[in-house]
Amino acid sequence: MPAYHSSYNDEPNVRQIAGVSILPLNSKIRGPAPLPVDPSRPDIVDEAIDLFRANSLFRNFEIKGGADRALIYLILFISDCLTRIAASPSWSQNEALKHLSSHAVDAFALPGDAHFPLSTLYSVPSSRADADTLRQYLTQARQEVVLRLLDKMYVDDVPSRWWLAFSKRKFMGKSLS
């Protein structure tokens with residue numbers, strides 16, 4: 001059974017930095033992400049959250065485009081968030097939001113940096129301006145992931161055990177931290 005890929009791989013005229021597609025986000029958070037043409041269509045953050053549990057079971061993932069690279073990064077970030085919540089299961093939704101929002105904007109490695117765990121899958125940004133744009137885009141996407149993930153996984157201010165069960169799974173055997 002093959003892994004699930006992004007539906008945005010076939011989108012024409014999408015800017016790519018370091019092999020990552022800069023895709024539209026349905027977001028109120030400021031950043032370089034373009035506005036979606038069709039706001040009713042799920043964006044890459046929705047895809048990452050929806051495909052997380054199915055894709056986290058795979059150790060191999062064939063990359064079919066820049067949108068898959070964005071999907072991989074977001075799935076690994078979701079896994080990192082679940083690991084942090086599982087370490088402190090007593091967090092309420094507001095406490096988790098506070099901690100994970102802080103984590104989303106913390107400094108993180110980009111492709112080309114020494115500590116980036118996926119350096120074989122991504123190319124190096126061509127310029128400093130591209131690296132800054134990629135950092136801003138990923139920060140915006142990470143913040144959006146935190147907001148949407150917590151809305152999905154918290155029920156009555158308690159984290160869902162069905163989500164936390166995936167905190168031990170490592171997609172492709174990798175982790176961002």
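- More than 12 heavy-atom neighbours from other residues, nucleotides or ligands sit within 6.0 angstrom of CG on D132.
- Taking 4.0 Å as the cut-off between side-chain N and carboxylate O, D50 and K152 count as a salt-bridged pair.
- Taking OG of S160 as the start and CE of M153 as the end, the distance is 6.5 Å to the nearest 0.5 Å.
- When atom types are taken as modelled, the side chain of S88 and the backbone of I85 share no donor-acceptor pair closer than 3.5 angstrom.
- For H103 and F108, the ring centers are positioned 6.0 Å apart or more.
- The shortest distance between side-chain heavy atoms of L57 and F166 falls below 4.5 Å.
- Atoms NE2 and CG, from H99 and N94 in turn, are 11.0 Å apart once rounded to the nearest 0.5 Å.
- Interatomic distance, D106 CG to L100 CG, rounded to the nearest 0.5 Å: 10.5 Å.
- Of all non-hydrogen atoms in A18 and S123, the two that sit nearest each other are CB-O, 3.0 Å.
- Residues G66 and N9 approach most closely at N-OD1, 4.0 Å, considering heavy atoms.
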Quick one, F52 with L82, criterion side-chain contact (heavy atoms from CB on, under 4.5 Å). Give me CA distance, side-chain angles, the key distance, then yes/no.
CA-CA 11 Å; F52 169 76; L82 290 178; 3.3 Å; yes
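- From S6, atom OG reaches atom CD1 of I63 across 12.0 Å, with rounding to the nearest 0.5 Å.
- Using a 4.5 Å cut-off on side-chain heavy atoms (C-beta onward), L134 and P111 make contact.
- Remark: the backbone N or O of T83 is not paired with any side-chain donor or acceptor of S167 at under 3.5 angstrom.
- Pairs passing the ring-ring contact (aromatic ring centres under 6.0 Å, His included) check and including a residue from residues 130-157, sequence neighbours excluded, do not occur.
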Evaluate L149 against C81 for side-chain contact (heavy atoms from CB on, under 4.5 Å), listing each step before the verdict.
CA-CA 9 Å; L149 178 65; C81 290; 4.0 Å; yes
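- At most 12 heavy atoms of other shown residues, nucleotides or ligands fall within 6.0 angstrom of atom NZ in K98.
- Residues R15 and D130 are paired through a salt bridge, judged by an N-O separation under 4.0 Å between the basic side chain and the carboxylate.
- Across all non-hydrogen atoms, the minimal contact from I17 to P125 is CG2-CB, 4.3 Å.
- Just one of N26, L25, D43 meets the side-chain contact (heavy atoms from CB on, under 4.5 Å) condition when paired with P36; it is N26.
- Minimum interatomic distance between P32 and Q140 (heavy atoms only, all atoms of both residues): N-OE1, 3.3 Å.
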Carefully, step by step, assess L74 and E47 under the rule side-chain contact (heavy atoms from CB on, under 4.5 Å).
CA-CA 9 Å; L74 293 177; E47 275 190 350; over 6 Å; no
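- Sorted by first and then second residue, the salt bridge (Lys or Arg N to Asp or Glu O under 4.0 Å) pairs involving residues 20-42 (not counting sequence neighbours) are E11-R41.
- A distance of 9.0 Å separates CD1 of I49 from CG of D151, quoted to the nearest 0.5 Å.
- In this structure the side chain of I22 reaches within 4.5 angstrom of the side chain of P34, judged on heavy atoms.
- In terms of heavy-atom proximity, A141 sits nearest to V45 at O-CG2, 4.1 Å.
- W91 places none of its side-chain heavy atoms less than 4.5 Å from the side chain of V158.
- A continuous path of hydrophobic side-chain contacts links L23 to I29 [ILVMFWY only; heavy atoms under 4.5 Å].
- The backbone N or O of A104 sits less than 3.5 Å from a side-chain atom of R142, completing a donor-acceptor pair.
- What you find for A48 and I75 is that their closest heavy atoms are O-CG1, 4.1 Å.
- For the pair D157 (side chain) and Q93 (backbone), a donor-acceptor distance under 3.5 Å is present.
- If you take CD on Q16 and OG on S126, they are separated by 12.0 Å, rounding to the nearest 0.5 Å.
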Would I72 and Y122 count as a side-chain contact (heavy atoms from CB on, under 4.5 Å) if you check the C-alpha gap in whole Å, the side-chain angles of each, and the deciding distance to 0.1 Å?
CA-CA 11 Å; I72 289 169; Y122 295 78; 3.8 Å; yes
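- The backbone N or O of S101 lies less than 3.5 Å from no partner atom in the side chain of Q143, so there is not a single donor-acceptor pair.
- Of the candidates Y73, Y4, F61, F61 is the only one forming a side-chain contact (heavy atoms from CB on, under 4.5 Å) with D68.
- Taking 4.5 Å as the limit, every side-chain heavy atom of P24 sits out of range of all side-chain heavy atoms of L35.
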